[in-house]
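Just so we're on the same page: letters track the sequence lines, and every chain starts at 1. Note that these values count all heavy atoms, side chains included, but never hydrogens, waters or copies made by symmetry.
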Amino acid sequence: MFEIDKWQEIYSTIQKNKLRTFLTGFSVAWGIFMLILLLGSGSGLENGVKEQFKGGATNGVWISSGQTSLKYKGLKTGRQIKFTNEDYKSIKTTVDGYDHISARLFLGNKLVSYKNEYGSFFLSPCHPDYGFIKEVDIIQGRFLNTIDIREFRKVAIIGEKVKSTLFKGTDTVAMGKYVKINGVLFQVVGVFRDYSRNDDEQKRVYIPISTAQRVFQGENVINQISFTTGQASVQEADLMIKKSKAVLSKMHTFDIDDNRAINVWNKNEDVRRFKALFAGIRLFIWIIGIGTIIAGIVGVSNIMMIVVKERTKEIGIRKSLGATPWSIVALIMQEAVVITSFAGYIGLVLGVGLLELVSKNMPPSEFFRNPEADFSVAVMATILLILAGAIAGFFPAMKAAKVNPVEALRDE
Amino acid sequence: MIKISQIHKSYVTGQNSLHVLKGIDLEIGAGEMISIMGASGSGKSTLLNILGILDNYDSGEYLLNGLKINRLSERKAAQLRNKMLGFVFQSFNLVSFKNALENVALPLYYQDVPRKKRNIVAMEYLDRMGLKDWAHHLPNELSGGQKQRVAIARALIGKPKVILADEPTGALDSATSLEVMDILQEVNATGITVIIVTHEHDIAMRTRKTIRITDGNITEIVSN
Ligand SMILES: Nc1ncnc2c1ncn2[C@@H]1O[C@H](COP(=O)(O)OP(=O)(O)OP(=O)(O)O)[C@@H](O)[C@H]1O
Ligand SMILES: [Mg+2]
């Protein structure tokens, strides 16, 4: 089947029927081209939305305090719930299954200065684990550690944007320097990079939560408790959230079903929804794409049918010269496979090329970035093409094999 | 070489059955050169197609070189045609998009002869037909006589034992017809059995024996 001679035989037929070959291949090339474009657009959409999810573990749970909205045990609604360090500790000890846990304090933007340079940056007091929950990418130095918390150290981890604002000109080394935060000196022990396009996130300064409570607040209050759910399933994560709620409702005496007393943001949920959505979109794209290819196959099959009819005389001649039915089947099938594979490959290359071009020249937007067709898709498409060629060639080949030489050679 | 006895063949089209061959007995020895004559529709081509294993017969017996030919598989039939038989047709039946050389080489392709060797041998056969300079021309660039010589070269390249020619001169003028007959006689001189269907008396006279078919029966065998 793969002897070079057969290929030459096919090559010579194709070569001598260029227009026909072109017309045959065009529909397939178009089908693959469209499939690649669709898949690329799908991945662009997916990448865009994924970008929205960046900056934070995908299994994170954030619990913030709010106001009660249900009456409970004789207490009226509208009570402000205030988390304390004890809430953090009891969740830490009673809930199991999490792999990182941290409390947070919301202090808003603060004036941060170094020598003559200054700026207003978002202060984020937290525990060391928050580095994992937020997936903070340290590019210099380190993130917070437990000693910082225990000893109320005045240390800060600053974002790249913060660094570039404060450390300019000849004085670009931030590590070890002291910056003033709201008038209090903190030593820079780390610099991080944030991939988020959200300005707030990039202009951020992490400091130990214990220090912040003592220096900026003077009371035992926290605003948020967050943890990651590790390898937990969706159900297990839900159970962890339920347990946390139970702990908090007991500590603060509110109805466990009061959704306003505390706000829970479960990213597992978002990610699951997101994944389901894109699995749906991808399926949809494949269905359309394969539909297009099937149309291509039918087109090729149709044209090959006509080709076989046109070539009836030639097939008759070949049979009279000793061509076996199988050799005729192979001739037509191989021709179909060669045409579809080759044409499809052209469609593939053009599609990928166009995606590359778009990817390079289009600025990434909120919902669309880096459209791409990855290697596995290309492999899939190649297999699909060869299969498509074989399917397209099958019926015409069978028809060709059944050509009766006597009738084929009869003079009209 | 060829021995047929009581060959019957009918064509069935819808309700009608046309009895074309009505019990043909014929024996053709190796190296003979015979012609078959008869009125149009008398069954000459039908007989030749059966001899060429291009068509089946309904009853009777056909021995080709001692081998019983009866409802062979297509594969087997193809192999026998390739090794034993060579065809020459009135309308040449060259593959239109292949040049003379490629046309002549085609039977060797089905014998799995490598391309290079194929082309060398094909060139020899074309040379023998005096068509060396036309090797790379397409059929539509050749005259009728040239086309028929290409077809004969193609029929010979597989070294067949029998050449079956259905009105090989039917489309040629008389001078060219004589040339073609010269070639077929040369072919016969090399020991190959030649069977020619023809309408022309002159052509038939160039063979050693003429068989006349009338209405599906052999009515006369004449030595020329
Ligand atoms: N496939 C077929 N189906 C039905 N009838 C056929 C078929 N082939 C041939 N015939 C009929 O069989 C008869 C014999 O045909 P055949 O071709 O053998 O004649 P022939 O002697 O070669 O005639 P000619 O000299 O015109 O070539 C004719 O009446 C023809 O119409
Ligand atoms: Mg005839």
Side-chain angles (χ1 to χ4, degrees), chain A residues 1-22 24 304 306-332 334-335 339 397-412, chain B residues 9 11 45-46 48-50 52-56 73-99 102-119 138-139 151 154-155 157-158 160 164 166-167 170-171:
Chain A
M1 172 124 187
F2 293 104
E3 298 147 49
I4 192 137
D5 236 21
K6 292 239 163 99
W7 293 112
Q8 269 162 341
E9 184 71 15
I10 288 160
Y11 175 74
S12 73
T13 13
I14 287 175
Q15 239 243 331
K16 278 155 189 160
N17 299 286
K18 284 194 193 100
L19 181 66
R20 190 180 78 196
T21 308
F22 170 77
T24 313
M304 291 297 288
I306 296 167
V307 164
V308 166
K309 194 160 187 166
E310 266 175 13
R311 288 173 71 177
T312 304
K313 186 141 207 154
E314 177 205 336
I315 292 164
I317 295 169
R318 284 177 185 271
K319 282 192 164 183
S320 78
L321 298 177
T324 57
W326 163 240
S327 77
I328 300 289
V329 168
L331 185 76
I332 302 295
Q334 270 179 315
E335 194 177 313
I339 293 173
M398 286 302 143
K399 189 181 150 114
K402 287 201 194 93
V403 164
N404 177 345
V406 176
E407 266 156 46
L409 295 173
R410 204 198 326 262
D411 304 317
E412 303 303 335
Chain B
K9 172 80 178 175
Y11 287 113
S45 295
T46 305
L48 208 67
N49 288 335
I50 289 170
I53 331 181
L54 291 169
D55 208 348
N56 288 317
S73 71
E74 277 221 48
R75 202 175 105 84
K76 188 82 193 119
Q79 283 166 348
L80 276 175
R81 285 197 291 266
N82 187 254
K83 298 235 165 61
M84 300 280 292
L85 306 169
F87 295 91
V88 178
F89 302 94
Q90 176 175 7
S91 55
F92 323 121
N93 281 335
L94 300 175
V95 178
S96 60
F97 61 85
K98 285 179 177 290
N99 65 31
E102 290 168 325
N103 262 289
V104 175
L106 205 51
L108 295 185
Y109 172 76
Y110 290 110
Q111 285 180 11
D112 293 328
V113 176
R115 188 185 182 83
K116 268 223 180 80
K117 171 108 188 282
R118 237 158 51 207
N119 285 346
L138 290 175
R154 186 179 66 184
I157 199 167
L164 300 165
D166 197 348
E167 302 186 39

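- Only the side chain of A:Ser327 comes within less than 4.5 Å of a heavy atom of chain B; its backbone N, CA, C and O stay farther away.
- Contact annotation for B:Asn49: only side-chain heavy atoms (C-beta onward) come within less than 4.5 Å of a heavy atom of chain A.
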Evaluation steps, side chain to side chain contact (heavy atoms under 4.5 Å, CB included), between B:Arg154 and A:Ile317: CA-CA 11 Å; B:Arg154 186 179 66 184; A:Ile317 295 169; 3.4 Å; yes

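- A:Ala323 and B:Ala78 make their closest contact through O-CB, 3.5 Å (heavy atoms, listed as atom of the first residue, atom of the second, distance).
- Nearest heavy atoms, B:Ser91 versus A:Lys313: OG-NZ, 4.4 Å.
- Nearest approach of A:Val406 to B:Leu54, heavy atoms of both residues: CG2-O, 3.2 Å.
- For B:Ile53, no part sits under 4.5 Å from any heavy atom of chain A, backbone or side chain.
- There is no contact between B:Gln111 and chain A, counting heavy-atom distances below 4.5 Å.
- Rounded to the nearest 0.5 Å, atoms OG1 (A:Thr324) and CZ (B:Arg81) are 10.0 Å apart.
- Contacts between B:Phe97 and chain A at a heavy-atom distance below 4.5 Å involve backbone atoms as well as side-chain atoms.
- Nearest approach of A:Gly322 to B:Tyr110, heavy atoms of both residues: O-CB, 3.8 Å.
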Derivation of the salt bridge (Lys or Arg N to Asp or Glu O under 4.0 Å) call for A:Lys319 and B:Glu74: CA-CA 9 Å; A:Lys319 282 192 164 183; B:Glu74 277 221 48; 3.5 Å; yes

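- More than 12 non-hydrogen atoms from other residues, nucleotides or ligands lie less than 6.0 angstrom from OH of B:Tyr11.
- Within a 6.0 Å sphere centred on CZ of B:Arg75, heavy atoms belonging to other residues, nucleotides or ligands number 12 at most.
- Rounded to the nearest 0.5 Å, atoms CG (B:Asp166) and CZ (A:Arg410) are 11.5 Å apart.
- Here the CG-CG distance, from B:Leu106 to A:Leu321, works out to 5.5 Å after rounding to the nearest 0.5 Å.
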